[in-house]
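These notes concern the structure reproduced below.
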2 protein chains.
Amino acid sequence: MLHFEGLIRIIKERREVLQVTQETLAELSGVGLRTLKQFESGKGNPTLLTLQKIADVLGLEVGINLKKVSLNK
Amino acid sequence: MLHFEGLIRIIKERREVLQVTQETLAELSGVGLRTLKQFESGKGNPTLLTLQKIADVLGLEVGINLKKVSLNK
DNA sequence: ATAAAAAGAGCATTATATGGCACTATTGTG
DNA sequence: CACAATAGTGCCATATAATGCTCTTTTTAT
């Protein structure tokens, strides 16, 4: 499972900025520690609900937007 | 499973704007028709990968952003 | 350099998402 | 209205996400 680099990066950075450990984030969000570790380490394919729970605690929100178009590719 | 109204609305609207049926979107995205139906009807909790596949075909992308702060409430 | 804290990984179990099929309901067009 | 197309649902088998436990690796602080 891979392709979630962007999302993962944002979550990790945000967690670090807020000085929250995986363990604390797991507790606060209600997501299992194992699940969080899996996701942050790039393995795993979380459900939308799991992602939302994590994001929520970090003051983030999951959204869906128009893709930015890059002309050349 | 509920709470994904926003995401669902965007996907449905976008699908309708593009005049794509659920069936076609399912085929194009590689996501099972059943899964797509579940999601759009507000039942279901798709994985991030599933959501990405759907979004991708519609020219959308899943992202995570700072929550907008509402002062009151 | 070492100890403590935090992050990652193997293994096993449980919960749940996926997806096919057949059927029903809703919507839209004549 | 009436028929066709599209959307939603029950049932069910299979795949895989979620989670806990234990252990290893990496990072951080002293």
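Small disclaimer: the values here were computed from a predicted structure and weren't measured. Below, each value reflects all heavy atoms present in this structure, side chains not excepted, and no hydrogens, waters or symmetry copies. In what follows, chains carry the letters A, B, and so on, assigned in the order in which the sequence lines appear, proteins first and then strands, with residues in each chain numbered from 1.
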Atom CG in A/Leu48, atom CG in B/Leu51: separation rounded to 0.5 Å? 6.0 Å
Can you hop from B/Ile10 to B/Val31 via hydrophobic side chains spaced under 4.5 Å? yes
Whole Å only: how far is the CG atom of B/Leu51 from the C1' atom of D/dT16? 17 Å
Under-3.5 Å N/O pairs linking protein and nucleotides 23-30 of chain D:
none

Report each atom pair, protein N/O against N/O of nucleotides 2-4 of chain D, whose distance is under 3.5 angstrom.
none

Straight-line distance of B/Leu66 CG to A/Leu60 CG, nearest 0.5 Å: 6.0 Å
By side chain to side chain donor-acceptor pair (under 3.5 Å), B/Thr24 pairs with (sequence neighbours left out) B/Thr21
Atom pairs under 3.5 Å: protein N/O with N/O of nucleotides 28-30 of chain C:
none

Work out how much the helix from C/dA1-D/dT30 to C/dG30-D/dC1 bends between its end axes, five pairs an end, to the nearest 10 degrees. 70°
Strictly below 4.0 Å, heavy-atom distances to any atom of DNA chain D: list the hits from residues 17-30 of chain B, or just say none. B/Thr21, B/Gln22
Of all heavy-atom pairs between A/Gly32 and A/Ala26, which one has the smallest distance, and what is that distance? C-CB, 4.2 Å
If I compare all heavy atoms of A/Val62 with all of B/Leu7, which pair ends up nearest, and what's the gap? O-CD1, 4.0 Å
If hydrophobic clusters are built by linking Ile, Leu, Val, Met, Phe, Trp and Tyr wherever their side-chain heavy atoms come under 4.5 Å apart, do B/Leu33 and B/Leu49 end up in the same one? no
Tell me, which of residues 33-41 of chain A have any heavy atom that sits under 4.0 Å from an atom in DNA chain D? A/Arg34, A/Thr35, A/Gln38
How would you list, by chain and number, every residue that makes a side chain to side chain donor-acceptor pair (under 3.5 Å) with B/Asp56, sequence neighbours excluded? A/Lys67
Between B/Thr47 and C/dT18, is there a contact of a side-chain N or O with OP1 or OP2 at under 4.0 Å? yes
So among A/Leu25, A/Leu28, A/Thr35, which one has a side-chain contact (heavy atoms from CB on, under 4.5 Å) with A/Ile54? A/Leu25
Let me know the distance between CG of B/Asn45 and P of C/dG19, rounded to the nearest Å. 14 Å
Holding to side chain to side chain donor-acceptor pair (under 3.5 Å), I want the full list of residues that pass it with A/Lys12, two or more places apart in sequence or in another chain. none
Give the rounded distance in Å between these two atoms: NZ of A/Lys43 and C1' of C/dA7. 11 Å
Just verifying a value: how many Å separate A/Lys43 NZ and A/Gln38 CD, rounded to the nearest 0.5 Å? 8.0 Å
Write down the distance between CG (B/Leu48) and P (C/dT18), rounded to a whole number of angstrom. 11 Å
Atom pair distance, as rounded to whole Å: CG in B/Leu49 and P in D/dA15: 17 Å
Where is the tightest heavy-atom contact between B/Phe4 and B/Pro46, given as atom of each residue plus distance? CE1-CD, 4.4 Å
Give a yes or no on this: more than 12 heavy atoms of other residues, nucleotides or ligands lie within 6.0 Å of atom CD of B/Gln19. no
All heavy atoms of B/Phe39 vs all of B/Ile8, minimum pair found to be O-CD1, 3.3 Å
Mind checking what makes side chain to side chain donor-acceptor pair (under 3.5 Å) contact with B/Lys53, not counting sequence neighbours? none
How close do A/Leu58 and A/Arg14 get, counting heavy atoms only, and between which atoms? O-NE, 2.7 Å
Determine the minimum heavy-atom distance between A/Gln52 and B/His3, stating which atoms define it. NE2-O, 4.2 Å
Listed in order of residue number, which residues of residues 8-15 of chain A have a non-hydrogen atom at under 4.0 Å from DNA chain C? A/Lys12, A/Arg15
Residues in salt bridge (charged side-chain N to carboxylate O under 4.0 Å, His left out) with B/Glu23, at least two apart? none
